[in-house]
Amino acid sequence: MVTAPEAYYEVVRRVLEDNIRTGALPGGTRLYVAALADRLGVSRSPVKRALELLEEDGLLRRNEAQGWLVGDEPASDVRPNLHLFELELPDSGSATPVKPGWERILQTVADEVVDCIPFGIWKISETELCSHFGVSRTVTREVLTRLHERGLVTKNRASHWIAGPLSAQMLGELHDMRRLLEPLALRRAAPHLGRMTLIEMRERVEAALAAPHQPAIEDFDRIEDDLHRTCVAPQPNQRLAAALPELRLSLVVNRQFSLHVARHHESALLLEHRLVLDHLIAGDAEGAATALRFHLDADHDRARARLKVLSVFGEPDAKVVPYLMRIV
Amino acid sequence: MTEPLRLRVISRGEFVPPQIRARLARDLDFDIEFIVLDSTRSLQQVMTEPESFDVYHQWHTSDLIWTARCIQGIDLRRIDTGNLLKAAARARSGVTHTVFDRLFVQDDGSLGPEPGDTIAVLPALHGVDGFVWRPSHAPALRPGERESWGWLLDPRWAGHVGLIADPVLGIIEAALATEAQLGQPFGDIGNLTIDEVDTIADYLIHKKKIGHFKDTWTSQAEAVRLMRRGSVTIQSLFSPAVSQLRAEGMQLAVADPAEGSRGWHSDLCISAAAEGERVDAAYAYLNWWQNGWAGACLSRQGYYFIFPELARPHLSAAEWDYWYDGQPASEPLCGPSGEVTIREGHRREGGSYRARMASARVWNTFMDEHTHVTRRWQEFLSA
């Protein structure tokens with residue numbers, strides 16, 4: 001889940017280096033900071049820094065007038081239109097082919113925060129967050145602002161960023177909304193789901209049910225993703241799509257519970273999943289939505305009981321990231 | 001030669017005094033290793049390392065340990081009192097229905113009151129705890145004033161109040177006291193909301209800062225020391241400690257508070273990891289506890305056995321009349337160790353078994369918002 005901390009200019013540098021080495025940016029191409037930033041959909045400062053690094057590596061040379069030239073070849077064009085170049089970009093086709101810094105780390109930070117909040121209250125150090133991910137203050141502020149919008153972090157009276165605790169009350173409030181919204185999303189998504197995909201999902205559930213032991217955490221995550229992400233994804237309402245991820249905090253409780261407590265049953269959960277999938281395979285969207293609501297209610301009861309078990313443990317199972325400091 | 005079987009039992013000291021251990025050694029044909037543990041750490045161990053024990057005397061943790069499935073279902077057909085237990089659960093006439101509410105393993109694996117052949121924990125002991133106070137050191141009371149949990153936060157007792165430091169029990173007593181003192185009813189004292197916990201914690205912290213509390217205690221020994229020293233004249237106390245102080249001659253009143261008391265029950269569980277002869281030994285141990293002798297022994301320190309009638313043959317008429325029937329002691333009565341703890345003529349506060357258990361307003365439990373409780377409680381302790 002944890003991505004290696006990589007400074008944003010490093011990402012840009014790597015993208016440019018790859019494209020120079022493959023020849024997508026041929027020798028002699030004239031590169032200007034502004035034009036390149038526009039082509040990559042990023043801001044100028046990481047582009048400038050990346051160009052300087054590539055110059056140090058000898059992949060570029062600085063042009064006497066302005067900008068840089070690729071390789072040693074003479075300049076080919078005065079002001080090339082970089083949008084005409086077929087570049088290999090991480091997310092080509094989108095408005096931001098190279099994801100902005102905050103977007104790259106947002107989900108990782110969200111996951112790491114969420115893994116800790118069943119265990120108490122944590123302070124988030126902006127400085128540590130910067131150095132952990134090698135990003136700027138601007139990026140960490142953007143990340144924290146977005147987590148704030150999601151309701152995951154708040155600012156206390158002393159203006160520190162605070163996360164947690166995940167209370168039973170919070171779990172209950174999220175469940176109240178989730179049990180209304182997720183079945184709605186599933187009902188709307190049902191006509192767009194492929195039968196074969198659904199059958200494969202059911203096979204994964206069957207395999208987990210048949211296994212003598214608790215499914216491995218990866219298999220379990222996959223099963224949860226199948227139903228709660230993949231199956232609801234094709235519904236067309238964007239606001240609904242934006243609202244759903246934040247309502248799924250109980251997944252964290254289940255996950256931490258399985259990391260701490262080895263012996264427990266997930267067969268009830270698996271049977272409930274299978275019931276939803278059966279309805280979807282049969283083409284009964286309404287029945288699937290009802291089965292999903294039943295599952296969410298049952299899972300909420302389990303999550304509440306499990307949260308209480310977690311409350312006896314002081315720490316999340318994995319090592320806590322350095323930018324989170326426990327207050328209580 | 002295989003290693004001789006040694007049953008590993010996690011318990012609290014009060015449940016297995018030397019008299020019980022000696023009798024067990026005589027009655028059972030295997031060794032027992034008692035692991036006396038009572039802390040959050042021990043609960044973590046129980047939940048994460050079921051292979052480290054065979055039997056656990058649980059105390060207000062049954063829903064947690066069942067959720068964690070660190071214990072295995074107990075087959076009532078292997079328990080001598082199995083049918084008695086089912087009948088008691090069906091009757092629901094007793095004062096102990098809380099014990100039966102989440103006892104039987106239902107078809108979906110959850111716990112419920114519908115009697116079946118599998119239970120999560122085997123009920124053994126229960127009781128109610130309240131606070132004690134020293135009449136000789138009490139402030140002036142109003143004529144006919146009833147004992148109230150509110151006294152723990154009452155300015156008249158300022159500077160002489162002791163509190164239990166454990167958040168699970170402490171928050172319940174603090175809630176009863178806050179409710180009485182502020183006249184502000186809480187929805188469910190056994191499962192407080194975040195706002196209610198905040199109200200209580202803020203009030204306690206304020207009281208602490210104005211010097212209302214003398215001290216807090218983490219063990220019975222500490223609680224006893226606080227009372228002996230004389231600085232604390234009112235605080236909650238478990239019944240074995242009450243017996244101990246009385247045996248030393250201290251005049252103590254055990255409150256029968258207007259708001260009701262704090263109930264508790266302790267039950268026996270078998271580790272999820274136990275198998276083969278360890279399970280057999282565990283059942284033998286559980287059945288031994290059901291025969292009434294141990295129940296009678298611990299009745300002498302104020303506990304109640306789940307089947308009083310089974311304990312009765314092991315108690316003298318005077319003992320039964322005092323502990324279960326609420327009558328004045330017709331002779332001096334001894335505690336489990338044989339030391340006189342009840343003087344002749346004393347009548348147990350709160351009365352008979354039924355009357356006392358019926359006063360249980362709330363039962364010891366981990367609340368849904370336990371993390372929040374712990375956090376605010378810690379804040380109070382360190383304020």
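FYI, side chains are in, hydrogens and waters are out, and symmetry mates aren't considered; it's all heavy atoms of this structure. Below, chain A is the first sequence line, B the second, and so on; all start at residue 1.
Counting heavy-atom neighbours within 6.0 Å of B:E33 CD, excluding the residue itself, gives a total above 12. Heavy atoms from other residues, nucleotides or ligands lying under 6.0 Å from CE of A:M177 number 12 at most. In B:K208, the NZ atom is crowded: over 12 heavy atoms of neighbouring residues, nucleotides or ligands sit closer than 6.0 Å. A:F294 CZ: 12 or fewer foreign heavy atoms inside a 6.0 Å radius.
Judged by distance alone, with hydrogens and angles left aside, the side-chain atoms of A:Q169 form no donor-acceptor pair with the main-chain N or O of B:T193 at under 3.5 Å. For the pair B:Q44 (side chain) and A:V312 (backbone), a donor-acceptor distance under 3.5 Å is present.
Between A:K308 and B:T67, the closest side-chain pair of non-hydrogen atoms is not below 4.5 Å. B:E369 is listed as a side-chain neighbour of A:S167, based on a closest heavy-atom distance under 4.5 Å.
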Checklist entry - Run the side chain to side chain contact (heavy atoms under 4.5 Å, CB included) check on A:F313 and B:T48 step by step: do they pass? => result CA-CA 10 Å; A:F313 295 89; B:T48 57; 3.5 Å; yes

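The parts of B:D368 that come within reach of chain A are both its backbone and its side chain, each placing non-hydrogen atoms under 4.5 angstrom from that chain. In this structure, chain B has a heavy atom under 4.5 Å from the side chain of A:I121, while its backbone stays farther away. Neither the backbone nor the side chain of B:Q378 comes within less than 4.5 Å of any heavy atom of chain A.
Expressed to the nearest 0.5 Å, how far CG of B:D108 lies from CG of A:L271 amounts to 11.0 Å.
Here the closest non-hydrogen pair linking A:P165 and B:T371 is CB-CG2, 4.3 Å. The heavy-atom pair separating A:V261 from B:M47 by the smallest distance is CG1-O, 4.2 Å.
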